[in-house]
Peer 1: 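The structure is given below, and queries will be raised subsequently.
Please read all numbers here as calculations on a predicted model, not as lab measurements.
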Amino acid sequence: MVIGMTFSNERAESALFGMPHSMVNYCIVTRKGEKYKNFESLRGKTIIVQDNDRSHERLIDANIA
């Protein structure tokens, strides 16, 4: 049993997901004064995410990480 794994089509190929029980929202947190409007504006910046988490996959898909 794994708690906290988010659904993706790739993960569904190797794991059986039950009924969703919570909503998870992601946000970009930066220092005051930094202005980022989209993923593209993060290119070249240091980004900290959980390895293989959905946000990590999203950055890879956007060719940022």
Peer 1: Walk me through whether E57 and S8 qualify under side chain to side chain contact (heavy atoms under 4.5 Å, CB included).
Peer 2: CA-CA 10 Å; E57 292 173 352; S8 72; 4.1 Å; yes
Peer 1: I'd like to check R11 versus T6 (side-chain heavy atoms, cut-off strictly below 4.5 Å). Are they in contact?
Peer 2: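 A side-chain contact exists here, since the closest heavy-atom pair is under 4.5 Å.
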Peer 1: Applying salt bridge (Lys or Arg N to Asp or Glu O under 4.0 Å), can you list everything that pairs with R43, at least two apart in sequence or on another chain?
Peer 2: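 In terms of salt bridge (Lys or Arg N to Asp or Glu O under 4.0 Å), with neighbours along the sequence ignored, R43 is linked to E40.
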Peer 1: Using every non-hydrogen atom in the two residues, find where A12 and F7 come nearest and quote the distance to one decimal.
Peer 2: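 Heavy atoms only, the tightest pair is CB-CE1, 3.5 Å.
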Peer 1: Can you find a heavy atom in the side chain of L59 that is under 4.5 Å from one in the side chain of D61?
Peer 2: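 They are not in side-chain contact.
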Peer 1: Find the distance between CD1 (I28) and OG (S41) and round it off to the nearest 0.5 Å.
Peer 2: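 Between I28 CD1 and S41 OG, I get 6.5 Å after rounding to 0.5 Å.
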Peer 1: When rounded to the nearest 0.5 angstrom, what distance separates CZ in R58 from CG in D53?
Peer 2: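 That separation rounds to 13.5 Å.
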Peer 1: Could you check whether any side-chain heavy atom of R54 comes within less than 4.5 Å of a side-chain heavy atom of M5, counting everything from C-beta outward?
Peer 2: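 Counting from C-beta outward, R54 and M5 never come under 4.5 Å.
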Peer 1: Is there a continuous path of hydrophobic side-chain contacts, each under 4.5 Å between heavy atoms, that joins Y36 to I64?
Peer 2: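 Yes, one cluster joins them.
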Peer 1: Does H56 form a side chain to side chain contact (heavy atoms under 4.5 Å, CB included) with I60? I'd like the steps, not just the answer.
Peer 2: CA-CA 6 Å; H56 185 212; I60 290 171; 3.6 Å; yes
